[in-house]
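Below: one structure, written as structure tokens.
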2 protein chains.
Amino acid sequence: MPADPLSTTFAALADPTRRAILARLALGETSVTELGAPFQMTLPAISKHLKVLERAGLIERGRTAQWRPCRLDAGPLKEVAGWVESYRRFWDQRFDRLDDYLREVEGKAQPGTEPK
Amino acid sequence: MPADPLSTTFAALADPTRRAILARLALGETSVTELGAPFQMTLPAISKHLKVLERAGLIERGRTAQWRPCRLDAGPLKEVAGWVESYRRFWDQRFDRLDDYLREVEGKAQPGTEPK
DNA sequence: TCACTATTAAACCACCCAGTTAAATGACGC
DNA sequence: GCGTCATTTAACTGGGTGGTTTAATAGTGA
């Protein structure tokens with residue numbers, strides 16, 4: 001239901017098989033069969049994972065003869081990085097005291113869409 | 001089923017309501033009722049979202065009287081940032097030519113768990 | 001104790017997801 | 001055209017998820 005791109009990207013990344021596929025594609029374009037080789041899983045399952053990654057815009061697909069090779073498209077990861085970076089100050093120890101200070105000064109503010 | 005922490009974190013982030021809750025918590029600790037106020041959703045639904053966030057380690061919960069306030073714990077986001085950063089060179093335009101070069105030199109390597 | 005507030009639990013629903021097997025599509029080589 | 005390889009589709013299953021309503025738990029305060 002939530003069709004927003006960030007949710008789709010996060011959902012696509014929430015599976016270790018799909019993340020492993022992306023890692024393999026980071027080494028270069030390859031075929032579906034070779035992508036599936038490392039996994040104890042049938043090829044239709046791999047094909048479904050690829051469809052999820054494609055809908056999330058994380059891979060692109062070509063058509064060379066009977067092969068439909070995949071290549072990585074890291075565009076959506078840029079938005080993920082941007083989102084997560086906006087929380088950096090919350091895990092970076094160097095800003096812990098600053099956080100306490102800001103929280104003290106600001107008190108309770110109205111809810112916004114993203115922090116900072 | 002995939003109980004690995006990174007998958008759990010990504011799955012927790014793959015919902016706009018939960019991301020909005022995190023954004024609200026970035027402004028400071030607050031109660032369940034106040035967290036649910038901006039959403040057209042019943043409180044049990046909010047409570048379930050909080051349980052998902054808690055299992056992912058993204059929030060911590062206290063016990064002050066009848067309130068069980070939530071506060072942000074961005075620890076897992078650090079791992080997310082680390083994972084996504086390993087793909088930075090694939091979306092950063094400045095490295096496009098370098099990518100082509102590396103792909104040419106490396107040819108096909110064996111699949112690893114993460115790139116580079 | 002009683003009424004009230006804050007929060008969760010239980011039971012239920014519709015739907016999506018990850019996986020399977022079996023069959024279909026499509027391109028190649030002979 | 002035929003057999004073969006690469007890939008996808010169809011149909012099905014088990015289990016998780018996001019939401020609801022109703023009811024239970026737990027603390028506060030008179």
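This structure is a prediction, so every number in the text was calculated from the model and none was measured. Chain identifiers are assigned alphabetically (A, B, ...) following the order of the sequence lines, protein sequences preceding nucleic acid strands; residue numbering begins at 1 within each chain.
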Could you tell me the separation between the [atom1] atom of [X] and the [atom2] atom of [N], rounded to a whole number of Å?
X      : N       : atom1 : atom2 : answer
L13(B) : dT17(D) : CG    : C1'   : 16 Å
L53(B) : dG18(D) : CG    : C1'   : 13 Å
Q40(A) : dA18(C) : CD    : P     : 19 Å
D4(B)  : dA18(C) : CG    : P     : 13 Å
F39(B) : dG18(D) : CZ    : P     : 14 Å
D15(B) : dG16(D) : CG    : C1'   : 14 Å

Does [N] have its OP1 or OP2 closer than 4.0 Å to a side-chain nitrogen or oxygen of [X]?
X      : N       : answer
T42(A) : dG19(C) : no
R18(B) : dG18(D) : yes
H49(A) : dC17(C) : no
K51(B) : dA9(C)  : yes

Between protein and nucleotides 5-7 of chain C, what N or O pairs are separated by less than 3.5 Å?
{"residue": "dT7(C)", "atom": "OP1", "partner": "V32(B)", "partner atom": "N", "Å": "3.2"}
{"residue": "dT7(C)", "atom": "OP2", "partner": "T33(B)", "partner atom": "N", "Å": "2.7"}
{"residue": "dT7(C)", "atom": "OP2", "partner": "T33(B)", "partner atom": "OG1", "Å": "2.1"}

query = Do the non-hydrogen side-chain atoms of L22(B) and W83(A) ever get within less than 4.5 Å of each other?
reply =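 L22(B) reaches W83(A) side chain to side chain.
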
message = At 10 degrees resolution, what angle do the end axes of the helix from dT1(C)-dA30(D) to dC30(C)-dG1(D) form when each is taken over five base pairs?
response =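 What I find for the helix from dT1(C)-dA30(D) to dC30(C)-dG1(D) is an axis angle of 10°.
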
query = Between the main-chain N or O of A12(A) and the side-chain N or O of R18(A), is there a donor-acceptor pair closer than 3.5 Å?
reply = yes

inquiry  = With a 3.5 Å distance limit and no angle check, can you tell me whether R24(B) reaches the backbone of L35(B) through a side-chain donor-acceptor pair?
reply    =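 Absent.
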
query = Going through the checks in order, is the salt bridge (Lys or Arg N to Asp or Glu O under 4.0 Å) test met by R88(B) and E85(B)?
reply = CA-CA 5 Å; R88(B) 170 174 288 280; E85(B) 276 304 314; 2.7 Å; yes

With a 3.5 Å cut-off and sequence neighbours excluded, list the donor-acceptor pairs that the side chains of residues 72-82 of chain A form with protein atoms.
{"residue": "D73(A)", "atom": "OD1", "partner": "G75(A)", "partner atom": "N", "Å": "3.1"}

request  = Tell me which nucleotide among dT21(C), dT22(D), dA11(D) gets nearest to the side chain of P44(B).
outcome  = dT22(D)

